[in-house]
Asker: 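Pasting in a structure now, in structure tokens, and then I'll have a few things to ask.
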Amino acid sequence: MAGSLSSLTGKEKIDIRKKKFALVVAEWNEEITAALRQSAYDTLLQLGAKKANIETVYVPGSFELPLKAQQLAERKDMDAVICLGCVIQGETAHFDYICQAVAYGIMKVGLKTNKPVAFGVLTTLTKKQAEDRAGGTYGNKGEEAALTVVKMLA
Ligand code: RBF
């Protein structure tokens, strides 16, 4: 687990002042993904990133995250991409299809572009479970996603 800010070891404390980050945020379950984005953004700043080097891009739903992540990761000036979304199980099978496609798609972008691409997508059975992981009982997975790409850059 990426853990919290204090989990960064000496080896992982790199200078990210000149690194450029993209936050790709799904608009579905907007109140959750906005909380993930805020936490990821704040974490990057705390780790030394510059506001001007953090770009936020929105996509309609989590299914669209891999394509936008790929377009951003392919840019020469981009160092890392953080994908943020929230898929909550409904009554139909869409949950399984979306989660699988998104997880696989995001992994492929990292492998194809050779850049850190974080999977900060909540896949939960209820809205409460999502809230617990977007600033509630179990912390904020946006922070973990930001920490993950910084660790991968180190
Ligand atoms: N996108 C999400 O990010 N989270 C969801 O919980 C979510 N639920 C969906 C449920 C259904 C039945 C459908 C058809 C789409 C849902 N989407 C959700 C949107 C999906 O990621 C994508 O934007 C659309 O399918 C258009 O490609």
Side-chain angles (χ1 to χ4, degrees), residues 1-5 7 16 19-47 49 51-153:
M1 200 174 84
S4 59
L5 277 181
S7 77
I16 59 167
K19 300 287 185 196
K20 202 164 168 69
F21 300 88
L23 303 175
V24 195
V25 187
E27 288 169 337
W28 262 75
N29 299 309
E30 196 267 336
E31 67 280 25
I32 303 285
T33 61
L36 296 173
R37 192 207 79 85
Q38 192 63 54
S39 181
Y41 185 80
D42 292 344
T43 302
L44 289 176
L45 291 183
Q46 283 176 56
L47 291 170
K51 279 185 187 173
N53 290 335
I54 307 174
E55 211 172 299
T56 299
V57 180
Y58 291 92
V59 293
S62 294
F63 193 77
E64 283 71 43
L65 288 169
L67 174 61
K68 186 52 74 181
Q70 178 163 290
Q71 291 168 348
L72 289 158
E74 279 177 346
R75 262 172 43 187
K76 278 204 168 67
D77 66 331
M78 193 57 71
D79 293 294
V81 178
I82 298 169
C83 297
L84 302 167
C86 172
V87 192
I88 302 176
Q89 188 167 35
E91 289 178 1
T92 59
H94 76 277
F95 180 78
D96 301 314
Y97 289 109
I98 293 178
C99 294
Q100 274 198 22
V102 175
Y104 184 64
I106 290 174
M107 182 196 67
K108 267 180 71 178
V109 175
L111 295 177
K112 185 178 171 203
T113 61
N114 221 16
K115 290 181 185 173
V117 180
F119 178 74
V121 182
L122 300 178
T123 58
T124 63
L125 306 181
T126 64
K127 189 172 179 202
K128 169 80 169 64
Q129 288 177 340
E131 287 165 352
D132 285 346
R133 291 156 179 82
T137 319
Y138 299 112
N140 193 310
K141 300 297 171 189
E143 176 188 356
E144 281 188 23
L147 275 167
T148 298
V149 295
V150 172
K151 284 185 174 189
M152 290 300 287
L153 285 171

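Indexing begins at 1, ligand by ligand and atom by atom, following the structure's order. Computed over heavy atoms, backbone and side chain alike; hydrogens, waters and symmetry mates excluded. For clarity, every value in this text was computed on a predicted model and none was experimentally measured.
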Asker: Identify the closest protein heavy atom to atom 5 (C) of ligand 1: which residue and atom is it, and at what distance?
Answerer: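 That would be Trp28 CE3, 3.3 Å.
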Asker: Using a strict cut-off of 4.0 Å, indicate which atoms of ligand 1 neighbour a heavy atom of Glu64.
Answerer: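 That gives atoms 22 (C), 23 (O), 26 (C), 27 (O) of ligand 1.
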Asker: A side-chain contact here means heavy atoms from C-beta on lying under 4.5 Å apart; do Val150 and Ile16 qualify?
Answerer: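 Result yes, sub-4.5 Å side-chain heavy-atom pair found.
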Asker: Does Asp79 reach the main-chain N or O of Phe21 with its side chain, forming a donor-acceptor pair under 3.5 Å?
Answerer: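 Side chain of Asp79 to backbone of Phe21: no pair is present.
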Asker: Under 4.0 Å from any heavy atom of Asn29, which atoms of ligand 1 are there?
Answerer: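 Those atoms are 4 (N), 5 (C), 6 (O).
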Asker: Does some non-hydrogen atom of the protein lie less than 4.0 angstrom from atom 13 (C) of ligand 1?
Answerer: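 It does not; no protein heavy atom is within 4.0 Å.
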Asker: Go through it in stages, so that I can follow the logic: the residues are Gln38 and Asp42, the test is side-chain hydrogen bond (donor to acceptor under 3.5 Å, both in side chains), and I'd like the CA-CA distance, side-chain angles, deciding distance and then a yes or no.
Answerer: CA-CA 6 Å; Gln38 192 63 54; Asp42 292 344; 3.1 Å; yes
Asker: Okay, side chain of Thr33, backbone of Val25: is any donor-acceptor separation there less than 3.5 Å?
Answerer: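 A pair under 3.5 Å: no.
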Asker: Which distance, rounded to the nearest 0.5 Å, do you find between the CD of Glu31 and the CD of Glu131?
Answerer: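 Between Glu31 CD and Glu131 CD, I get 7.0 Å after rounding to 0.5 Å.
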Asker: Identify whether the distance between the nearest side-chain nitrogen and carboxylate oxygen of Lys141 and Glu144 falls below 4.0 Å.
Answerer: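 Here Lys141 pairs with Glu144 in a salt bridge, since their nearest N and O are under 4.0 Å apart.
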Asker: Could you walk me through whether Arg133 and Thr124 pass side-chain hydrogen bond (donor to acceptor under 3.5 Å, both in side chains), step by step?
Answerer: CA-CA 10 Å; Arg133 291 156 179 82; Thr124 63; over 6 Å; no
Asker: Which atoms form the tightest heavy-atom contact between Cys83 and Ala69, and what is the distance?
Answerer: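 For Cys83 versus Ala69, the nearest heavy atoms are SG-CB, 3.6 Å.
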Asker: Identify the protein heavy atom lying closest to atom 10 (C) of ligand 1, giving its residue, its atom name and the separation to 0.1 Å.
Answerer: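 Protein heavy atom at minimum distance: His94 CD2, 3.1 Å.
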Asker: Taking 4.0 angstrom as the limit and counting only heavy atoms of Cys86, give me the atoms of ligand 1 inside it, by number and element.
Answerer: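 Atoms satisfying the 4.0 Å criterion: 2 (C), 3 (O), 4 (N), 5 (C), 6 (O).
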Asker: Where does Val59 meet ligand 1, judged by heavy-atom distances below 4.0 Å: at the side chain, the backbone, both, or neither?
Answerer: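 Answer for Val59: neither.
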Asker: Looking only at distance, does Ser62 have an N or O less than 3.5 Å from an N or O of ligand 1?
Answerer: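 Right, the criterion is met.
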Asker: Could you tell me the residue and atom name of the protein heavy atom closest to atom 21 (O) of ligand 1, and the distance to it rounded to 0.1 Å?
Answerer: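 Checking every protein heavy atom, the shortest distance to atom 21 (O) of ligand 1 gives Phe63 N, 3.1 Å.
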Asker: Would you kindly specify which portion of Ile88 sits under 4.0 Å from ligand 1, judged on non-hydrogen atoms: side chain, backbone, both or neither?
Answerer: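 The backbone, only.
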Asker: Would you check whether Gly85 reaches within less than 4.0 Å of ligand 1, judged by its heavy atoms?
Answerer: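 Contact absent.
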